[in-house]
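Some notes on the structure that comes next.
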Amino acid sequence: MLPPQSKVFSVQRISHLALLTTACIVGRLVFVFIPNVQPMSALLFLVAFSYCLTDALMIALLSLLGTNIYLGMGPWTISQLAALTVTIVLFHQLGKVPIIKKNRFLQAFFALLCGLLYGLIVSLMEVWLYQFPSFLAYYLQGLLFDFFHASENFVFYLLLWPVFERITPTSYKLAKKTK
């Protein structure tokens, strides 16, 4: 991945992170009419794979807050943030495995699995937060939507990869090749 960044953000880095955050927000809002289908999580996984973990987590937090301000902020925001954090950290760590680093379809498959994990974590936190009597009943009712989310991660990861590769700054690409 990328070398440790300095404590000072360059203008180029701030601009690039702002544009990626905007892409996540717009992508989520454009597909809001289809339940659990948005390119936001796939784009966050691409960032987690290609950039440093700090960048991915900053974009995730800002994107989630930006979309939830528009779509509605509530206690579910905490569970969404926790689930996104866990899946992004996991995906970032998986990106260090050599066989996964070289195979785009394997990366997309793990993006699919992270989508299912996201749904599981959100469901666990929601059951605890709202004190529902049965986790299994709650989780099984939302499993179809978790599959939508997981499958869109797979599809959007493969669709966005070439675009993402083109918009990645040269400094990031050079740092990635030296590793």
Side-chain angles (χ1 to χ4, degrees), residues 14-51 53 55-92 94-95 100 103-127 129-130 138-169 172:
I14 292 172
S15 301
H16 193 70
L17 295 178
L19 287 172
L20 287 172
T21 302
T22 304
C24 286
I25 292 171
V26 170
R28 187 171 181 201
L29 295 178
V30 164
F31 289 97
V32 75
F33 61 93
I34 306 172
N36 280 10
V37 174
Q38 69 265 351
M40 183 173 133
S41 53
L43 188 55
L44 289 172
F45 292 146
L46 284 166
V47 172
F49 180 77
S50 300
Y51 296 9
L53 184 59
D55 290 350
L57 292 175
M58 279 191 301
I59 293 170
L61 173 66
L62 293 171
S63 301
L64 189 64
L65 290 176
T67 56
N68 281 357
I69 285 171
Y70 180 75
L71 298 173
M73 188 81 67
W76 54 84
T77 305
I78 298 166
S79 58
Q80 288 176 335
L81 182 59
L84 266 179
T85 301
V86 168
T87 55
I88 287 171
V89 169
L90 176 67
F91 201 81
H92 181 74
L94 286 171
I100 297 171
N103 190 332
R104 188 177 313 158
F105 286 102
L106 206 52
Q107 294 167 22
F109 176 73
F110 280 111
L112 182 140
L113 292 180
C114 283
L116 291 173
L117 178 62
Y118 175 88
L120 178 68
I121 294 169
V122 168
S123 296
L124 280 169
M125 291 187 71
E126 296 292 312
V127 165
L129 183 66
Y130 297 121
Y138 181 77
Y139 183 65
L140 290 177
Q141 286 183 355
L143 197 56
L144 179 64
F145 294 101
D146 291 344
F147 279 118
F148 285 160
H149 185 215
S151 60
E152 67 83 14
N153 278 350
F154 184 84
V155 171
F156 277 123
Y157 193 91
L158 293 175
L159 288 176
L160 291 175
W161 180 269
V163 175
F164 186 78
E165 207 170 36
R166 286 179 43 191
I167 66 167
T168 302
Y172 285 89

#### Entry: Check: Asn36 side chain, Phe148 main-chain N or O, donor-acceptor pair, under 3.5 Å
no
### Message
Please determine whether side chain to side chain contact (heavy atoms under 4.5 Å, CB included) holds for the pair Arg28 and Asn68, giving the CA-CA distance in whole Å, both sets of side-chain angles, and the decisive distance to 0.1 Å.
### Response
CA-CA 10 Å; Arg28 187 171 181 201; Asn68 281 357; 3.4 Å; yes
### Query
How far apart are the C-alpha atoms of Cys24 and Ile59, what are their side-chain angles, what is the distance that settles it, and do they pass the side chain to side chain contact (heavy atoms under 4.5 Å, CB included) test?
CA-CA 8 Å; Cys24 286; Ile59 293 170; 4.0 Å; yes
### Message
Distance check, rounded to the nearest 0.5 Å: Ser79 atom OG versus Leu84 atom CG?
### Response
10.0 Å
### Message
side chain to side chain contact (heavy atoms under 4.5 Å, CB included), that's the test. Do Leu81 and Leu65 meet it? Break it down for me.
### Response
CA-CA 9 Å; Leu81 182 59; Leu65 290 176; over 6 Å; no
### Message
Quick check: do Leu160 and Pro39 have side-chain heavy atoms less than 4.5 Å from each other?
### Response
yes
### Task
Give the C-alpha distance, both sets of side-chain angles, the deciding distance and a yes or no for side chain to side chain contact (heavy atoms under 4.5 Å, CB included) between Ile100 and Gln107.
CA-CA 6 Å; Ile100 297 171; Gln107 294 167 22; 3.9 Å; yes
### Query
Where does the angle between the aromatic ring planes of Phe156 and Phe31 fall among parallel (under 30°), tilted (30 to 60°) and perpendicular (over 60°)?
perpendicular
### Query
Between Ser50 and Val47, is there a donor-acceptor pair closer than 3.5 Å when you use the side chain of the first and the backbone of the second?
no
### Query
Relative to the ring of His149, is the ring of Tyr118 parallel (under 30°), tilted (30 to 60°) or perpendicular (over 60°)?
perpendicular
#### Entry: Atom pair CG (Asp146) and CD (Gln141), whose distance is rounded to the nearest 0.5 Å
12.0 Å
### Interatomic spacing from CG in Leu143 to CG in Leu116 - rounded to 0.5 Å
7.5 Å
## Note on the structure
Taking every heavy atom of Pro162 against every heavy atom of Leu159, the minimum-distance pair comes out as CD-O, 3.5 Å
### Query
With ring centroids as reference points, do Phe91 and Tyr157 lie under 6.0 angstrom apart?
yes
### Task
Kindly say whether the aromatic ring centers of Phe164 and Phe45 come within a distance under 6.0 Å.
no
### Task
Verify the neighbour count for atom CZ of Phe33: are there more than 12 heavy atoms of other residues, nucleotides or ligands below 6.0 Å?
yes
### Task
Would you check if the distance from the ring center of Phe110 to the ring center of Phe49 is below 6.0 Å?
no
#### Entry: Donor-acceptor under 3.5 Å (Ser63 side chain, Ala60 main chain)
no
#### Entry: Shortest non-hydrogen contact between Ser41 and Glu152, atoms and distance
OG-OE2, 3.3 Å
### Task
Drop me the distance from Tyr138's OH to Leu124's CG, to the nearest 0.5 angstrom.
10.5 Å
### Task
Starting at OH of Tyr51, measure out to CG of Leu20 and round the result to the nearest 0.5 Å.
5.0 Å
### Query
Going from OG1 on Thr85 to CD on Gln80, what distance comes out if it is rounded to the nearest 0.5 angstrom?
11.5 Å
